[in-house]
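Read the structure below first, then the notes.
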Amino acid sequence: MEGSVIQRPRGTRDLLPPETRLWLAVETVAREVFASFGGEEIRTPVFEATELFVRSVGEGTDIVHKEMYTFPDRKGRSLTLRPEMTAGVARAWIENRLGDRSQPLRLFYLGPMFRYERMQHGRYRQFSQIGLEIIGADTPLADAELLAAMHEFFVRLGFTDLQIHLNNLGDPEDRARYQEGIRVALTPRRAELCSDCQRRLEENPLRILDCKVPACQVIAADAPGVDDVAGDPSRQHVAGVEAHLQALGIPYVRNRRLVRGLDYYLRTVFEVVSPQLGTNAVLCGGGRYDRLIADLGGPAVPGVGFAIGEDRLVEVLPARFKDAVLARAALYLVPMGAAAENRALELARGWIRGGVPVELEITGRSLKAALKRADRDGFRAVAMLGDDELKAKTVTVRDLAAGNQSAVPFADLPAWWQALPPAREAARPE
RNA sequence: GUGAGCGUAGCUCAGCUGGUCAGAGCACCGGACUGUGGCUCCGGUGGUCGGGGGUUCAAAUCCCCUCGCUCACCCCA
């Protein structure tokens with residue numbers, strides 16, 4: 001394109017109507033569902049001290065290593081656009097002494113996150129997450145309730161094909177023992193691993209488990225799972241979560257290869273994947289982080305939470321939900337002639353106050369063109385206002401789905417609108 | 001950070017062994033149907049062929065550079 005035209009930064013996108021309606025609808029459902037589980041919304045800054053993410057997400061992670069939007073402010077302080085939200089919530093919990101309130105706290109959030117990555121399908125430099133955190137409860141029941149709220153959210157949107165993957169990451173004390181176990185098991189077959197995994201064998205054996213190279217997968221299948229080596233406390237915890245899920249009838253699969261990319265997770269970790277998404281199929285990721293708040297200098301308070309990728313979610317939204325949101329159930333008021341135009345604004349205001357969504361035709365196009373547009377844009381009905389109608393104090397209303405029309409007195413329009421059947425039922429045979 | 005592909009009307013693309021190559025469909029506006037939609041027919045608006053440079057009598061078409069986009073790896077939402 002022309003060099004002089006300013007374009008949006010790489011990895012960002014403009015959300016345009018009508019798609020923004022889908023986003024609003026999804027966010028509304030999230031707020032309703034999470035609030036109904038006792039959640040309250042929390043809003044924290046979009047940028048934080050860089051140190052917060054280094055200490056919480058983990059120095060060795062890719063996120064901190066190469067994906068953060070870090071910059072110095074005018075006083076030279078290092079700030080970073082948040083790459084995820086849990087760290088900010090934990091910081092806010094400590095800073096605002098939320099521990100002084102009755103526990104636990106269920107906090108949900110919606111908003112943009114930032115990671116400096118190469119663009120790819122389902123991956124953006126600015127993306128939005130919807131998340132829920134339960135802080136102040138360390139029971140398996142807390143994890144199960146969190147998963148129930150998440151599940152309910154997806155059900156409410158009409159999803160039927162999502163899979164929940166669950167695993168036990170063990171406790172931090174188990175980690176060293178586990179890494180040693182992997183090394184012992186795989187070192188003899190070191191030569192068969194891909195070059196990345198050979199390096200991982202030294203640096204982070206855990207990651208070998210979710211390597212995508214087929215040969216590595218075969219070898220990794222023989223290695224012990226984290227759960228096989230983990231201590232009793234974490235195994236009992238995750239077993240408890242599973243028992244609750246089974247009792248509730250929430251389907252999930254136990255995936256021993258599931259590993260998460262943030263350092264603070266322990267015990268329960270999970271992902272939700274959509275078969276409709278290709279390479280980046282993870283719609284939601286989460287887990288337990290009982291040491292995070294203490295590690296950030298706060299009291300020893302346990303937490304568990306998840307984050308849903310809103311961009312990916314909207315992309316695979318069930319058609320039924322989308323159709324319902326995108327149908328434009330509004331009345332299109334078309335004035336014909338100068339006198340009608342004067343009256344139309346006033347009528348529209350009255351009807352809008354009466355609860356009718358009214359869009360006024362304001363371009364002066366012909367009635368024929370207006371009807372064509374009404375049809376194309378999915379209006380429920382058209383109200384036509386010309387000299388004849390002005391004289392009779394009525395509008396000619398046309399039910400676009402049924403194809404019939406009638407005269408309705410100005411004052412009766414809201415009642416007429418309320419009595420209109422849904423478009424689907426009114427559809428003409430033909 | 002690594003590798004591959006693509007950039008022609010608002011959208012999807014054809015044209016790409018250089019010479020009616022500036023086109024089609026959809027969309028948009030209008031007409032046939034002068035106050036009535038969805039079908040059909042007709043007409044119209046709209047493009048520095050991403051940008052710059054080069055080769056040539058001649059470049060959308062070949063070469064170089066650049067910008068942008070996409071996909072995969074890595075990793076994640």
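Residue numbers begin at 1 in each chain, while the letters A, B, ... track the order of the sequences. As a basis for the values below, the full set of heavy atoms in this structure was taken, side chains included, without hydrogen atoms, waters or symmetry mates.
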Tell me which of A:Val282 and A:His121 sits closer to the 5' end of RNA chain B, going by the nucleotide each one is nearest to.
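Whichever sits nearer the 5' end wins; that is A:His121.
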
Find which nucleotide of RNA chain B each of A:Leu371 and A:Arg10 is nearest to by heavy atoms, and output the residue with the more 5' nucleotide.
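So the residue in question is A:Leu371.
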
Under 4.0 Å, heavy atoms only, any strand: does [X] hit a base, just the sugar-phosphate, or nothing?
| X | value |
| --- | --- |
| A:Asp62 | sugar-phosphate |
| A:Ile63 | nothing |
| A:Glu271 | nothing |
| A:Asp311 | nothing |

If only side-chain N and O atoms of [X] are considered, is one of them under 4.0 Å from the OP1 or OP2 phosphate oxygen of [N]?
| X | N | answer |
| --- | --- | --- |
| A:Arg115 | B:C75 | no |
| A:Lys368 | B:G37 | yes |
| A:Arg118 | B:C73 | no |
| A:Gln120 | B:A72 | yes |

Is A:Phe47 atom CZ crowded by more than 12 heavy atoms from other residues, nucleotides or ligands, each under 6.0 Å away?
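No - once you tally the heavy atoms of other residues, nucleotides and ligands closer than 6.0 Å, there are 12 at most.
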
Rounded to whole Å, how long is the line connecting atom [atom1] of [X] with atom [atom2] of [N]?
| X | N | atom1 | atom2 | value |
| --- | --- | --- | --- | --- |
| A:Arg365 | B:U45 | CZ | P | 20 Å |
| A:Leu400 | B:C39 | CG | P | 14 Å |
| A:Glu117 | B:G1 | CD | C1' | 12 Å |
| A:Arg376 | B:A27 | CZ | C1' | 9 Å |

When you measure from the side chain of A:Lys372, which nucleotide among B:G37, B:A77, B:U36 comes out closest?
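In terms of side-chain proximity for A:Lys372, the closest of B:G37, B:A77, B:U36 is B:G37.
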
Between A:Glu361 (side chain only) and A:Gly364 (backbone N and O only), is there a donor and an acceptor less than 3.5 Å apart?
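Yes, the answer is positive, given that a donor and an acceptor are paired below the 3.5 Å cut-off.
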
In plain terms, say whether A:Arg373 and A:Asp377 are close enough for a salt bridge, that is, a side-chain N and a carboxylate O under 4.0 Å apart.
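Yes, A:Arg373 and A:Asp377 are salt-bridged.
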
With a 4.0 Å cut-off on N to O distance, would you call A:Glu41 and A:Arg43 a salt bridge?
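Yes.
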
Hey, is the side chain of A:Arg312 pairing donor to acceptor with the base of B:C76 inside 3.5 Å?
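Between B:C76 and A:Arg312, which were checked side chain against base, a qualifying N/O pair under 3.5 Å is present.
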
